[in-house]
Visitor: 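Pasting a structure below so you can have a look.
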Amino acid sequence: MELRIPGPTPVPPEVLQAGAQPMINHRGKEFAEIIQRVTARLQKFFCTKNDLYVLTCSGTGAMEATIVNTLSPGDKVLAVTIGEFGERFTDIAKAFGAEIIPLKYEHGLPADPDDIRKAVRSQSGIKAVMITHNETSTGVTNDIQAIGAVVRELGVLFLVDSVSGIGSLPYPVDEWGGDVVATASQKGWMAPPGLAMVSISAKGWEAHAAAKMPRSYWDFSAAKSYLARNQTPWTPAVSVLYSLDKGLEMMEQEGLDQVHARHARVGALVRDGVRALGMKLLVKDERYASNTVTAVWPPEGVDANKLVQAVRAENDIELAGGQGSLAGKIFRVGHLGWVTEADVQKVIDSLRVVLPKLGYKVPAAAGR
Ligand SMILES: *Cc1c(COP(=O)(O)O)cnc(C)c1O
């Protein structure tokens, strides 16, 4: 089975093996070395000097941690939504009592920095802008650099779900801004699911000091005091940490810019391939196309779920369907983490074989 979904993503054999090492005392010397090394490596990939914590949870846990560590019930937040994961971020903030000021975009569109400026200025007291860097449900990447500049100018908190972005896509946090930036091990980091990573800025810490939302497991103060001793407050997913460490070592060997460049090449190959097959991308303006996940409208008359099933049956490749209101309407190709041009070429080749079997005539010489 070849996984071409946007997480969990395939894991190199070396990383799997690393995860099979014996357990150690998470209060001991060996653990201290690993957590120190992993944290420092992640800070390099985040291009940040901010504090950074490894949490034991999936990406959604890190989203919740982001919110409960910086906000109080009743705080007004501009919740920028360009798809399902933006909705999820909003729902979590709402569940903890934030007052949501929504800024929603149609599927396929990125957020417009000018809209964010207008929305924050249009009323008093907005405390934070929450946004998804790379919207995995639509294959759209927001311009976090431009949006970060606007948020800095507005002086509000900037909370970023970069779960499927950072690590694979450029996001130098200290340069572009991001008071809390969250990601997870099973996306671009070539590791299994189970760990999430968050960076928090000085401004984020200031917000933390005043934040009143209930928190316990997620408390960044606990993470900080334990990391000072090279520990985590609670028992971490040690096996996943071994794997993450190995994955980061491999990414380091490849180099930050090279990892980003590989994702850019792979993303372009997928987009060119599906277009040559006569299909349309969900993203409306290709400048905002994600280099980690591509969302595709199947041809007229071809059922998206049947197409996903057919690719699995034909070539043992697992694609993803649509989420939320896009379920059954689109399919998605995940291309993040341990992925090469050859891997995604196989997806295009499979689609070329499978589409005619579902009654669609593929344009001549497509995808070659
Ligand atoms: C995968 C993902 C998440 C988190 O999902 P989990 O299943 O909790 O890891 C959050 N946001 C985005 C953009 C994602 O792609």
Side-chain angles (χ1 to χ4, degrees), residues 3-11 46 53-68 79-95 104-105 107-111 129-144 147 158-169 171 178 180-199 217-218 236-237 240-241 243-244 247 263 267 282-283 288-295 318-324 326-327 330-337 339:
L3 270 187
R4 292 294 156 227
I5 62 174
T9 58
V11 174
F46 277 53
Y53 302 110
V54 177
L55 312 173
T56 290
C57 56
S58 78
T60 306
M63 292 159 84
E64 182 169 317
T66 299
I67 289 162
V68 299
V80 185
T81 299
I82 66 167
E84 283 303 304
F85 287 99
E87 294 297 321
R88 186 183 297 184
F89 214 8
T90 308
D91 289 346
I92 299 168
K94 203 184 285 173
K104 282 197 199 197
Y105 292 85
H107 286 147
L109 288 177
V129 170
M130 292 176 35
I131 196 165
T132 319
H133 174 197
N134 181 78
E135 180 50 73
T136 315
S137 68
T138 59
V140 176
T141 304
N142 275 318
D143 185 348
I144 288 295
I147 293 166
F158 192 30
L159 308 178
V160 185
D161 164 5
S162 189
V163 173
S164 63
I166 197 163
S168 311
L169 309 178
Y171 183 4
V180 183
V181 178
T183 182
S185 55
Q186 83 277 19
K187 299 290 172 103
W189 304 96
M190 309 202 294
L195 293 174
M197 304 80 107
V198 290
S199 69
Y217 186 79
W218 302 128
V240 185
L241 192 68
S243 288
L244 179 62
H263 282 86
L282 185 70
V283 63
Y288 299 96
S290 167
N291 284 326
T292 61
V293 55
T294 300
E318 184 80 359
L319 301 179
Q323 291 167 282
L326 291 169
I330 60 158
F331 70 93
R332 293 174 300 149
V333 185
H335 36 87
L336 69 168
V339 61

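Residues take their numbers from the sequence shown, with the count starting at 1. Keep in mind the model is a prediction, meaning the values are calculated, not measured. Remember, it's 1-based here, ligands and their atoms both numbered in the order they're listed.
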Visitor: Do the non-hydrogen side-chain atoms of Thr66 and Phe89 ever get within less than 4.5 Å of each other?
Guide: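 Thr66 vs Phe89: side chains touch.
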Visitor: Hey, which atoms in ligand 1 end up nearer than 4.0 Å to a heavy atom of Ser164?
Guide: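 What qualifies from ligand 1 is 13 (C), 15 (O).
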Visitor: What atoms of ligand 1 come closer than 4.0 angstrom to any heavy atom of Met63?
Guide: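 Ligand 1 atoms under the 4.0 Å threshold to Met63: 10 (C).
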Visitor: Do the non-hydrogen side-chain atoms of Asn134 and Val163 ever get within less than 4.5 Å of each other?
Guide: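 They are not in contact (no side-chain heavy atoms under 4.5 Å apart), so the answer is no.
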Visitor: Answer yes or no: is there a side-chain heavy-atom contact under 4.5 Å between Leu195 and Trp189?
Guide: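 No - every pair of side-chain heavy atoms lies 4.5 Å or more apart.
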Visitor: Rounded to the nearest 0.5 Å, what's the gap from CD1 on Ile166 to CD1 on Ile144? Could you check?
Guide: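 If I round to the nearest 0.5 Å, the distance is 10.0 Å.
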Visitor: Would Val293 count as a contact of ligand 1 if the rule is a heavy atom under 4.0 Å away?
Guide: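 Per 4.0 Å heavy-atom rule, Val293 does not contact ligand 1.
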Visitor: Between Glu135 and Thr141, is there a donor-acceptor pair closer than 3.5 Å when you use the side chain of the first and the backbone of the second?
Guide: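 The answer is no, because no donor-acceptor pair under 3.5 Å joins these two groups.
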Visitor: Is ligand 1 under 4.0 Å from a heavy atom in the side chain of Asn134, in the backbone, in both, or in neither?
Guide: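 Contact part for Asn134 vs ligand 1: backbone (N, CA, C, O).
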Visitor: Holding to salt bridge (charged side-chain N to carboxylate O under 4.0 Å, His left out), I want the full list of residues that pass it with Lys94, two or more places apart in sequence or in another chain.
Guide: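 So Lys94 forms no salt bridge (charged side-chain N to carboxylate O under 4.0 Å, His left out) with any residue.
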Visitor: Taking only heavy atoms of Thr132 into account, list the atoms of ligand 1 that are under 4.0 Å away from them.
Guide: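 Those qualifying, in numeric order: 13 (C).
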Visitor: Where is the nearest protein heavy atom to atom 11 (N) of ligand 1: which residue, which atom, and how far?
Guide: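 Protein heavy atom at minimum distance: Asp161 OD2, 2.7 Å.
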Visitor: Give a yes/no on ligand 1: does Gln186 have at least one heavy atom closer than 4.0 angstrom to it?
Guide: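 In this structure, Gln186 qualifies as a contact of ligand 1 - some heavy atom is under 4.0 Å.
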Visitor: Give me the nearest non-hydrogen protein atom to atom 1 (C) of ligand 1 as residue plus atom name, then the distance to 0.1 Å.
Guide: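 Residue, atom and distance for the closest contact: Lys187 NZ, 1.4 Å.
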Visitor: Specify side chain, backbone, both or neither for Thr60, according to which of its non-hydrogen atoms lie closer than 4.0 Å to ligand 1.
Guide: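 Under 4.0 Å from ligand 1, Thr60 contributes backbone and side-chain atoms.
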Visitor: May I ask whether Glu135 places a heavy atom under 4.0 Å from ligand 1?
Guide: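 Under 4.0 Å: no for Glu135.
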Visitor: Please name the pair of heavy atoms, one in Pro8 and one in Pro193, separated by the smallest distance, quoted to 0.1 Å.
Guide: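 Pro8 and Pro193 have their closest heavy atoms at CG-CG, 4.1 Å.
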Visitor: Under 4.0 Å from a heavy atom of Gly59: which atoms of ligand 1 are those, numbered in the order shown and with their elements?
Guide: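 Matching atoms, with element in brackets: 4 (C), 6 (P), 8 (O), 9 (O).
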Visitor: Enter the distance from Ile82:CD1 to Lys104:NZ here, rounded to the nearest 0.5 Å.
Guide: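 These two atoms lie 13.0 Å from each other.
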Visitor: So which bit of His133 gets within less than 4.0 Å of ligand 1, heavy atoms only: side chain, backbone, both or neither?
Guide: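 Neither part.
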Visitor: What protein heavy atom is closest to atom 5 (O) of ligand 1, reported as residue, atom name and distance in Å?
Guide: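 Ranked first by proximity to atom 5 (O) of ligand 1 is Arg88 NH1, 3.4 Å.
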Visitor: Which protein heavy atom lies closest to atom 15 (O) of ligand 1, and at what distance to 0.1 Å?
Guide: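 Checking every protein heavy atom, the shortest distance to atom 15 (O) of ligand 1 gives Thr136 OG1, 2.4 Å.
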Visitor: Report the distance from atom OG of Ser290 to atom NE2 of His335, rounding to the nearest 0.5 Å.
Guide: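 Reported to 0.5 Å precision, the distance equals 6.0 Å.
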